[in-house]
2 protein chains.
Amino acid sequence: MARKAVGLTQQQLGMRLGMDPNTASARMNQYEKGKHTPDYQTMKRVAVELGVPVAYFYCEDDLLAEIMCAVAKRSKEEQQELLASLTKA
Amino acid sequence: MARKAVGLTQQQLGMRLGMDPNTASARMNQYEKGKHTPDYQTMKRVAVELGVPVAYFYCEDDLLAEIMCAVAKRSKEEQQELLASLTKA
DNA sequence: AAGTGTACTAAGGATAACTTAGTTTTCAAG
DNA sequence: CTTGAAAACTAAGTTATCCTTAGTACACTT
């Protein structure tokens, strides 16, 4: 979903991460289909490329993932306020 | 730091994750020292054992990590409301 | 100084990822 | 509908990484 939102093919995304064009397609597909797991450095580059916090990919449920994306877009000040309101009540 | 806060040795934590007692010490040490990286299933069990969402370990900055912990403790209904308020304005 | 518990490490066997070489699916144009 | 090309996807072998073994090093108490 995050990849398509940016309008990239699996191969294109892989190439932007620095993968060999010959292997980018297979590798990215294996990741998306859950056949294999990328290492953390690769995951971080994916996050940067797609404009989401890397933790997005490790969220258990979609709701928490969406919230995190929304929170990450806010300023540090707004995040501080949010944290305060969450820990208070 | 998180492990010691709970008062567990490397071996004890590993055993609580379901590791063989004979290998728990070496494996956990390799993870903590950064020699090797645990797979995602193991990481999830660590999260459960330490009482944080697994994405917590993948947060780039501490503020986002804290917010996520606080959000994860709220009900699904409250999370829905939060997401709505974040995506609205 | 010795004993005990904890932390840590090298090396080889076990396991999972990466590369290769494709096939299958999707979808727009004719 | 059929074709063609782009995109998605996959099996199998090679390569890279982790897990296990076996043990050493460190910290702390007696």
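Throughout, protein chains are lettered first and strands after them, A, B, ... in sequence-line order, and every chain is numbered starting at 1. What you are looking at is a predicted structure, and each value in this text was computed from that prediction instead of being measured.
- Residue A/Tyr56 comes nearest to A/Ala65 through the heavy atom pair CD1-O, 3.8 Å, listed as atom of the first residue, atom of the second, then distance.
- Partners of B/Arg3 according to the side-chain contact (heavy atoms from CB on, under 4.5 Å) rule, which considers only residues two or more places apart in sequence or in another chain, are B/Leu8, B/Gln10, B/Leu13, B/Glu32.
- Atoms CE (B/Met19) and P (D/dC19) sit 7 Å apart, rounded to a whole Å.
- Proximity of the aromatic rings of B/Tyr58 and A/Tyr40 is defined here by a centroid distance below 6.0 angstrom, and this criterion is met.
- Under a cut-off of 6.0 angstrom, the local environment of CG in A/Asn22 is crowded, with over 12 non-hydrogen atoms contributed by other residues, nucleotides or ligands.
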message: Could you go through A/Leu82 and B/Leu82, starting from their C-alpha distance and side-chain angles, then the distance that decides it, and tell me whether this counts as side chain to side chain contact (heavy atoms under 4.5 Å, CB included)?
response: CA-CA 10 Å; A/Leu82 175 60; B/Leu82 175 60; 3.6 Å; yes

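- Remark: C1' of D/dC18 and CD of B/Gln41 are 16 Å apart, rounded to the nearest angstrom.
- The phosphate of D/dC18 (OP1 or OP2) has a side-chain N or O of B/Thr37 nearer than 4.0 angstrom.
- Proximity of a side-chain donor or acceptor of A/Arg27 to a complementary backbone N or O of A/Pro38 within less than 3.5 Å is not detected.
- The C1' atoms of five pairs define one axis at each end of the helix from C/dA1-D/dT30 to C/dG30-D/dC1, and these two axes lie 40° apart (to 10°).
- D/dA5 atom C1' lies 13 Å from atom CD of A/Gln11, rounded to whole Å.
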Could you list all N or O pairs between the protein and nucleotides 9-15 of chain D that sit under 3.5 Å apart?
residue : atom : partner : partner atom : Å
D/dC9   : OP2  : A/Gln10 : NE2          : 2.9
D/dC9   : OP2  : A/Asn29 : ND2          : 3.0
D/dC9   : O5'  : A/Asn29 : ND2          : 3.0
D/dC9   : N4   : A/Ser25 : OG           : 3.4

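- In terms of phosphate contacts, B/Tyr31 brings a side-chain nitrogen or oxygen within less than 4.0 Å of OP1 or OP2 of D/dC19.
- Residues B/Thr87 and A/Ala70 share a closest heavy-atom pair of CG2-CB, 4.5 Å.
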Could you list, one pair per line, each protein nitrogen or oxygen that sits under 3.5 Å from a nitrogen or oxygen of nucleotides 25-27 of chain D, together with the distance?
none

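- In this structure B/Gln11 satisfies the side-chain contact (heavy atoms from CB on, under 4.5 Å) test together with B/Thr9, B/Met15, B/Ala24, B/Ser25, sequence neighbours excluded.
- Atom pair A/Leu13:CG and D/dA7:C1' shows a separation of 14 Å (rounding to whole Å applied).
- Nucleotides of DNA chain C that come within less than 4.0 Å of any heavy atom of chain B span, from the 5' end to the 3' end, C/dT6 to C/dA10.
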task: Could you give me the CA-CA distance, side-chain angles and deciding distance for A/Met19 and A/Thr42, then say whether side chain to side chain contact (heavy atoms under 4.5 Å, CB included) is met?
output: CA-CA 10 Å; A/Met19 291 179 189; A/Thr42 300; 4.2 Å; yes

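- In this structure, B/Val6 and B/Glu49 have side chains that are not in contact, with every pair of non-hydrogen atoms separated by 4.5 Å or more.
- Comparing B/Thr9 and A/Thr42 against DNA chain C, the residue whose closest nucleotide sits nearer the 5' end is B/Thr9.
- Atoms SG and CG, from A/Cys69 and A/Leu50 in turn, are 10.0 Å apart once rounded to the nearest 0.5 Å.
- Across B/Pro53 and B/Ala47, no two heavy atoms sit closer than the pair C-CB, 4.1 Å.
- Within the 3.5 Å criterion, the main-chain N or O of B/Leu64 finds no donor-acceptor partner in the side chain of A/Gln79.
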